[in-house]
There are 2 protein chains.
Amino acid sequence: MPRLIPLSERGGPLFRQVYLGLREAILSGVLQSGEKLPSTRDLAEQLGISRTVVLLAYDQLLAEGFVEGRSGSGTFVASGVGTSRPAPTQVPVELGLSSFGTRAAASWSKVDLPARRRPSLPYDFSYGRSDLESFPFEMWRRILLRCARKAPISELDYGPAAGNLGLRQAISSHLRRSRAVVCDASQVIVVNGSQQALDLIVRVLVETDDRIVLEDPSYQGTRELLRASGARLLPIAVDGDGLDPARLPASARAAFLTPSHQFPTGAILPLARRLRVLEWAKRSNAVIIEDDYDGEFRYEGQSVESLQGLDRQGRVIYVGTFSRTVFSALRIGYLIAPKTLVPAFTAAKWLCDRHTPTLEQQALAEFICGGMYERYLRRVRRRNALRRQVLLDSIHTRLGDRVHVTGDGAGAHVVLWLRPRLSEQAVVKKAAALGVGVWGISPYYLKPAPRNGIMLGYSRMTEAEIREGIRRLSEVL
Amino acid sequence: MPRLIPLSERGGPLFRQVYLGLREAILSGVLQSGEKLPSTRDLAEQLGISRTVVLLAYDQLLAEGFVEGRSGSGTFVASGVGTSRPAPTQVPVELGLSSFGTRAAASWSKVDLPARRRPSLPYDFSYGRSDLESFPFEMWRRILLRCARKAPISELDYGPAAGNLGLRQAISSHLRRSRAVVCDASQVIVVNGSQQALDLIVRVLVETDDRIVLEDPSYQGTRELLRASGARLLPIAVDGDGLDPARLPASARAAFLTPSHQFPTGAILPLARRLRVLEWAKRSNAVIIEDDYDGEFRYEGQSVESLQGLDRQGRVIYVGTFSRTVFSALRIGYLIAPKTLVPAFTAAKWLCDRHTPTLEQQALAEFICGGMYERYLRRVRRRNALRRQVLLDSIHTRLGDRVHVTGDGAGAHVVLWLRPRLSEQAVVKKAAALGVGVWGISPYYLKPAPRNGIMLGYSRMTEAEIREGIRRLSEVL
């Protein structure tokens, strides 16, 4: 009398449920090596299904070596198969993290990432957003489709690791014009957003215990990459003019900077400091990473062009992204490397993910070369300039001297520094209750935050929303 | 009499050429701090351009702090700006690699990547290619466009790091059905092709000096990632049945395997060996990485399902890609992680590039859920089965016992093992001269290759091309 064989609950065609049920019984030791399986006729009856179905299941078990047939005498569990007697359970055991590496896995699961976006509020001062309202999506879709149509079949194979040549040329000439970056297409590595650029830089240049200069406060994505690399972080406090070169350590392997619009305080590094930073890099043989995340948005006389363009030593790696000037879901950014480092970065990119998806690269190249990107940028610059003015005016009228503002010289967000007794969290919470979304600045500090402040992005708000948002915020402050 | 100021050759509007020319003169020390600039009138005359243009250039120099105006007395190079006296050259110096880190940068630029694809030959036995001829591109484009159209604006912002939920569900249910992988959507991490999956695994699980088991020969992308990680590689020679569990070391942190179709030899790991590998992993508390790059293509009774599905310990990380079943330029793959590791992998993915592009994920999810993926897979399986048969027949008739074939049980390539006196390189060269593209296997070995062999991929050839290709190859062997 054969033992009952359960059908698998994993579903699929009937023969497969029988197959999986028997397989499970064998693997879990319910059926032992050498044990005879029920005849196909018996099992068919037992399960109330057709014998053909059972035969199909037995065939697959035979093919996979779970069972062996002995001519005439039936089907038996193969030797060395059913004997492992693992935990008699369907669900795999869940091992503790300790089973997966002493340090690595555990530390990775502790990585401190930005809090998830809250459900957006009616007056949402989110920062780091692109201006989706004014992006020409119809045109973008037409370009996408055209590229998808005309792409020769060969372009559906792996592409070059450093990126589509057309896009690399478009990026280099745009940066030469718009940011005075000194480069040619051969120095451009196309990546999946600036986060990957920072990752490649850390992998290629930073070794365990290297001394790395970081602005304090600074971008979490950079900070956590450096922590994961085992580098020794040297946070340098920034003032109203960004990083003070006088505070730089005698030696360091590299310095990660955001000179055009210090993230998150928004300070613009003045020319004299830029030159002193470059002299420091030369003296201490350090590399400078210029993260120009917001460089395209500048106001009034403030226009200061890239640090890379001032460098006469080839020590600056320039990082940029289209996440704020096109849209984030596109996942395209770039790094401009000194020629000596291009092979290393190309190899690192290959090993990370071979290359960035081809279709988007082609579409973006066309978007830039056709002049649509520049046109769009001009429109967004105008719109952001207006929004900024309205924001500053409302802050002035509504909040007056209750707050101190920084970051209005460039980019698309400002910081309101609060009076000491006000708690960031309280302000953020009360504002949210009034439908206003703002963020506290303290999570960006490595050392204890010296002051409380909240960040206000304006790249996606109407002027009316800005006015009303600040009016409501004034009730909180 | 003012010194001559050259116009910049970097182009752009005229005022900008003047601005850049002066900027360059200041930065290179041609114009010193405190030195007076020519009056706008003089410079305009000197350059033969309108004075307004020169005024614009001076304004920008003022705004950026290169120069300062002294009322009445003219414009002067700002103090602390022109004094750095860098090399008087337009082009930045190119520093040696040594300036960029003692070990890292240098070793990265030595990474041993697969040779670039040769210009494809009329009879091109390339392996690792998808079957583009039979891919339904028209349908794919329609899906892409539909997704691009219907995407709510919010989906153009950053997406979830682990991937689009719809795609994660589609992948997990496909793998449960097609590969007997035991998983749910929460264990799926969407990545940019299996290369990124391998990279994330190495970062999260492998530390310097960890002992890592690797098949020999094995995939270069895995080998080079592990080398870059500083792990200690333990290559295990494979035989006709793949990796022999008896050769596994007493202890190791992890083992990277390709059980369905060993890369590159094509051996299929039999069930008994699979179970012994799992027992070994349990004994030595090791993790197994199953790279199932070709698992969808199986022939005759050979169907052996995933190692992950046999695991009762949650020790197997399953890696797969759509590069061979959809197309490579798409750059979408996945890893199926034990639940305990999901947070670590999600954080690592975020730090690598935040997430995989959204549009392709949506399109692929629709392609799978709509049943188009399964239908297409069935068609490709049929086509590959035919091609394989034609290939084996032609090899049999043309080459007979001059070669020994492995790898025909699954996947989309086989290996022809040559007689000892034949050199791989000679064969590859002579074949190319006859218009036949084949690849030598020795670059995939970590230890000296024991035998010469050439790899023949057939996923993109017509039956006629295969016949003629083998006929020509027979002239070489």
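Put simply, of B:V202, B:L144, B:L310, the one with the most heavy-atom pairs under 4.5 Å next to chain A is B:L310. Chain B forms the most heavy-atom pairs under 4.5 Å with one residue out of A:V191, A:L341, A:V342, and that residue is A:L341. For chain B, the option among A:E133, A:E138, A:Q196 with the highest count of heavy-atom pairs below 4.5 Å is A:Q196. Of all the listed residues (B:G193, B:G65, B:A148), the one sharing the greatest number of non-hydrogen pairs under 4.5 Å with chain A is B:A148. Between chain A and the residues B:Q361, B:E360, B:E224, the largest count of heavy-atom pairs under 4.5 Å involves B:E360. Most heavy-atom pairs under 4.5 Å with chain B, from the set A:D157, A:D59, A:T208: that is A:D157. Chain B forms the most heavy-atom pairs under 4.5 Å with one residue out of A:L351, A:L271, A:T358, and that residue is A:L351. Counting heavy-atom pairs under 4.5 Å between each of A:R149, A:Q195, A:R177, A:K339 and chain B puts A:Q195 at the top.
For a residue to count as touching a neighbouring chain, one of its non-hydrogen atoms must lie under 4.5 Å from one of that chain's; by this rule B:R276 does not touch chain A. Interface residue B:P357: backbone and side-chain heavy atoms are both found under 4.5 Å from chain A. Neither the backbone nor the side chain of A:R273 comes within contact range of chain B, judged by heavy atoms closer than 4.5 Å. Heavy atoms of B:T356 lying under 4.5 Å from chain A belong exclusively to its backbone. In this structure, chain A has a heavy atom under 4.5 Å from the backbone of B:L330, while its side chain stays farther away. Contacts of B:L225 with chain A are made by both backbone and side-chain atoms, with heavy-atom separations under 4.5 Å. Heavy atoms of B:F137 lying under 4.5 Å from chain A belong exclusively to its side chain.
From B:C352, atom SG reaches atom CG of B:D199 across 5.5 Å, with rounding to the nearest 0.5 Å. Here B:S229 contributes atom OG and A:R203 contributes atom CZ; the two are 10.0 Å apart, rounded to the nearest 0.5 Å. Atoms CG and OG, on A:L156 and B:S323 in that order, are 11.5 Å from each other to the nearest 0.5 Å.
When every heavy atom of A:L27 is checked against every heavy atom of B:R312, the shortest pair comes out as CD1-NH2, 3.7 Å. Shortest non-hydrogen contact noted between A:R354 and B:R331 is CB-NH2, 3.6 Å. Pairing each heavy atom of B:I201 with each of B:F345, the nearest pair is CA-CE2, 3.6 Å. Taking all atoms of both residues into account, the shortest heavy-atom contact from B:G159 to B:H355 is N-NE2, 2.9 Å.
Here A:E279 does not pair with A:K282 in a salt bridge; the nearest charged N to carboxylate O distance is not below 4.0 Å. We find that B:E305 and B:R298 are not joined by a salt bridge, their nearest charged nitrogen and carboxylate oxygen being 4.0 Å or further apart.
Side-chain atoms of A:R460 come within 3.5 Å of backbone N or O of A:S130 as a donor-acceptor pair.
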